[in-house]
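Comments concern the structure below.
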Amino acid sequence: MVPRGYSSLTIFYCKSFFVDLIIWRKMRMDYKAQVTNSILSVLNGELTSADIYEKLEQPKTLAMGDLAFPAFVLAKVFHKAPNQIAADLVEKIDQASYEKVEAKGAYINFFLDKGKVASNVLTTIIEEGSTYGQNENGKGGNVPIDMSSPNIAKPISMGHLRSTVIGNSIANILRKNGYHPIKDNHLGDWGTQFGKLIVAYRKWGNEDDVKKDPINNLVKYYVKFHQEDKAHPELDDEARETFKKLEDGDKEEVELWKWFRRVSLESFNKIYDKLGVKFDTYNGEAFYNDKMDEGINILKDKGLLVESQGAQVVNLDKYDLNPALILKSDGATLYITRDIATAIYRDRTYQPAMNLYVVGSEQTYYFKQLKAVLLEMGLHSAANLHHIPFGLITVNGKKLSTRSGRIILLDEVLNDAIELAEQQIAEKNPDLENKEEVAKQVGVGAIIFGDLKNERTNNIDFVLEDQLKFEGETGPYVQYSHARAESILRKAGSLNFHTADKALDDPSAWETITALNEFPGIVESACKDFEPSEIAKYSLRLAKAFNKYYAHSKVLVKDDKLGARLGLVKAVSIVLKEALNLLGVQAPDAM
RNA sequence: GUCGCAAUAGCUCAGCUGGAUAGAGCAACGGUCUUCUAAACCGUAGGUCGAGAGUUCGAAUCUCUCUUGCGACACCA
């Protein structure tokens with residue numbers, strides 16, 4: 001879409017400008033390319049530049065250099081021992097632009113010019129500020145994200161945390177990569193359970209209780225219904241009739257449903273506020289309830305819908321999948337029928353570059369089927385549908401379930417974390433301003449970070465004390481590192497890092513500088529993999545390097561490198577804050 | 001039963017498209033606050049990378065078999 005007032009020529013110009021900017025930046029920051037050229041120039045075409053680039057690796061420790069080329073690959077060509085090849089090549093390489101280049105075993109280790117790199121990296125970060133690491137790979141493409149999706153009249157548990165927090169972080173990462181994410185809370189706000197709920201409310205509920213504590217009371221009615229219907233099966237018939245009335249638009253039932261939905265959403269929003277997560281849309285199942293015919297008709301028109309044991313299914317043999325059941329034998333719709341309607345709606349409304357579903361890994365097979373059906377239907381965005389699975393949360397190895405009482409309320413966990421953060425502040429920094437706000441940021445940050453730091457698909461056995469850790473590899477650790485950086489900058493007062501010579505060649509700062517330089521690449525990779533944990537792990541690496549640095553070298557010493565050191569501290573603060581923000585975690589300036 | 005995912009230090013996990021002595025964090029033990037906030041830093045100890053075979057100059061990483069655990073297997077969502 002071309003905005004009014006901009007000619008396509010302008011757009012073209014902007015685009016090419018961006019491309020140039022990216023290439024230019026990469027040339028400046030991509031030391032791998034520099035090393036590739038150095039090696040290429042001493043070979044006689046035995047390897048292409050792509051071969052070399054691909055083979056370059058990062059040594060295990062910085063003591064072994066910044067980039068290394070393993071000479072094994074040349075052993076066959078030269079008919080010599082890799083060690084010898086490495087030694088020979090080092091003799092020929094022009095070392096002028098490096099600190100040093102040395103052969104160690106079969107490896108050629110390149111040590112970059114620390115002063116020059118530091119100057120480049122720090123200048124870039126301070127100039128670009130929070131936009132450091134931003135790229136335009138997404139070209140503004142829309143990306144609806146199906147996430148969170150709690151059920152109306154049921155509490156939000158730790159299980160919902162994962163979808164919410166992962167989806168939110170992926171949205172942030174997408175934006176950083178030039179996409180336009182659309183966070184959609186696909187509420188479970190329709191279905192026969194509302195018949196049950198309305199019946200239960202009328203029998204055992206009252207308005208005041210629901211107003212006082214909506215979720216807990218609604219759940220109570222719902223649970224009671226399930227206890228009672230064992231002895232009184234006629235309740236189920238009543239519930240079915242009530243839901244039918246609701247579907248037919250009966251005024252009283254619709255009013256009740258709207259009310260339940262509204263109070264549930266109000267209570268959900270309190271938790272979302274605490275988490276700092278906002279949604280763009282709340283198009284739940286009810287929203288799609290009247291939009292299912294179109295999908296069914298497309299399937300019919302294309303001859304994809306066939307009868308099987310009385311039900312309507314789509315055969316998916318050619319995808320090596322079981323048939324997808326679209327309509328029940330009584331003609332009723334199913335989960336997938338609504339998801340088809342949803343996909344059509346999103347396809348038409350957003351023309352998505354990608355279509356993301358942040359849903360538990362137990363639904364992996366289902367999403368394969370959904371994607372296959374949409375591909376068969378010829379939906380444009382079907383090929384770019386990605387299920388983003390995440391691991392199960394269990395308690396003592398068992399699945400959470402409301403009925404069996406194995407439920408962990410997210411709100412309680414968040415409150416526990418905030419309370420603990422308050423205690424810590426009272427102990428460690430009692431004079432802190434806006435304690436409550438910081439306690440919230442730290443407590444909630446610990447929970448969010450704890451969820452995001454490991455690979456998405458890992459299962460988590462919930463142990464409260466594991467969640468409430470503020471030491472070691474945790475959110476508060478990264479927040480603390482950022483707060484310390486800010487504290488140093490405050491103490492520096494009017495001393496300016498902008499005018500400083502950034503040629504910091506202090507070896508103790510090198511680990512931090514190389515970490516800073518990695519950020520843009522991590523941003524791209526995390527986007528490609530839909531993996532917030534890459535950002536979380538990166539932030540830990542940077543925080544660790546910085547903590548080590550300032551524990552061993554004093555920043556605020558008046559010498560000719562003071563400006564450079566302040567530049568480093570400023571850059572660390574910028575990047576740590578941005579990394580945390582990508583995870584959806586706040587970065588207080590003091591804690 | 002079929003398919004999918006996992007198995008790395010006491011615990012929780014990293015380990016990028018195969019590469020140099022397998023790394024963190026907790027927990028344990030020991031050190032560092034009159035010097036930019038000790039939510040930190042430094043050190044010690046801790047491992048047949050589930051088992052076996054194969055591919056390779058080289059395997060925690062790739063292939064196969066097996067074991068164990070978790071999940072999914074149409075009229076729930």
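Reminder, nothing fancy here: chain letters follow the sequence lines and each chain counts from 1. Just so it is clear, the values below take in all heavy atoms, side chains as well, and ignore hydrogens, waters and symmetry mates.
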Would you mind telling me which of B:rA14, B:rA39, B:rC36 lies closest to the side-chain atoms of A:K537? B:rA14
Without placing hydrogens or testing angles, list every side-chain donor-acceptor pair under 3.5 Å for residues 316-343 of chain A, not counting sequence neighbours.
unit_1, atom_1, unit_2, atom_2, d
A:K318, NZ, A:E376, OE2, 2.9
A:Y319, OH, A:E376, OE2, 2.8
A:N322, ND2, A:Y365, OH, 3.2
A:D330, OD1, A:A332, N, 2.9
A:Y335, OH, A:Q363, OE1, 3.0
A:T337, OG1, A:I326, O, 2.8
A:T337, OG1, A:L334, N, 2.7
A:T337, OG1, A:L334, O, 3.1
A:D339, OD2, A:Y366, OH, 2.7
A:T342, OG1, A:R338, O, 2.7

Collect all protein-nucleotide pairs involving nucleotides 56-64 of chain B in which both atoms are nitrogen or oxygen and the distance is under 3.5 Å.
none

If you look at every strand shown and take non-hydrogen atoms under 4.0 Å, does A:P59 touch a base, only sugar-phosphate, or nothing? base
Contact check, residues 320-332 of chain A vs RNA chain B, heavy-atom distance under 4.0 Å, returns A:N322, A:L325, A:K328, A:S329
For A:A106, which contact category applies under a 4.0 Å heavy-atom criterion: base, sugar-phosphate, or nothing? nothing
Measure up the A:F530 and A:H386 rings against each other and bin them: parallel (under 30°), tilted (30 to 60°), perpendicular (over 60°). tilted
Is any side-chain heavy atom of A:L556 closer than 4.5 Å to one of A:K491? yes
Picking from B:rA24, B:rA20, B:rA40, the nucleotide nearest the side-chain atoms of A:K544 would be B:rA24
Anything under 3.5 Å between a protein N or O and an N or O of nucleotides 6-9 of chain B, put it in a table, one pair a line.
none

Please collect all side-chain hydrogen bond (donor to acceptor under 3.5 Å, both in side chains) contacts where either partner lies in residues 150-165 of chain A, sequence neighbours excluded, each pair once. A:S148-A:T164, A:R162-A:D451
Can you find a donor-acceptor N/O pair under 3.5 angstrom joining the side chain of A:S481 to the base of B:rA39? no
Taking NZ, NE, NH1 and NH2 as the nitrogens, is one of them in A:D506 or A:R565 under 4.0 Å from a carboxylate oxygen of the other? no
Does a side-chain N or O of A:R484 approach OP1 or OP2 of B:rA39 to a distance below 4.0 Å, or not? no
At 4.0 Å (heavy atoms only), tell me whether A:T337 reaches a base, stays on the sugar-phosphate, or touches nothing. nothing
Hey, does the side chain of A:K491 come within less than 4.0 Å of B:rU37's phosphate (OP1/OP2), counting only N and O? yes
Scan A:A483 against the nucleic acid and name what it touches under 4.0 Å (heavy atoms): base, sugar-phosphate only, or nothing. base
Assign A:A492 to base, sugar-phosphate, or nothing according to its heavy-atom contacts below 4.0 angstrom with the strands shown. nothing
Remember a base hit wins even if backbone is also touched, and classify A:N429 as base, sugar-phosphate or nothing at under 4.0 Å, heavy atoms. base
Just checking A:L556: base, sugar-phosphate only, or nothing, at a heavy-atom cut-off of under 4.0 Å? base
Distance check needed: B:rC36 P versus A:D589 CG, whole Å only. 19 Å
With heavy atoms under 4.0 Å as the rule, sort A:Y477 into base, sugar-phosphate or nothing. sugar-phosphate
Expected list for residues 463-473 of chain A near RNA chain B, using heavy atoms below 4.0 Å, is A:K469, A:F470, A:E471, A:G472, A:E473
Mind checking A:A75 for me? I need base, sugar-phosphate or nothing, with any heavy atom below 4.0 Å counting as a touch. nothing
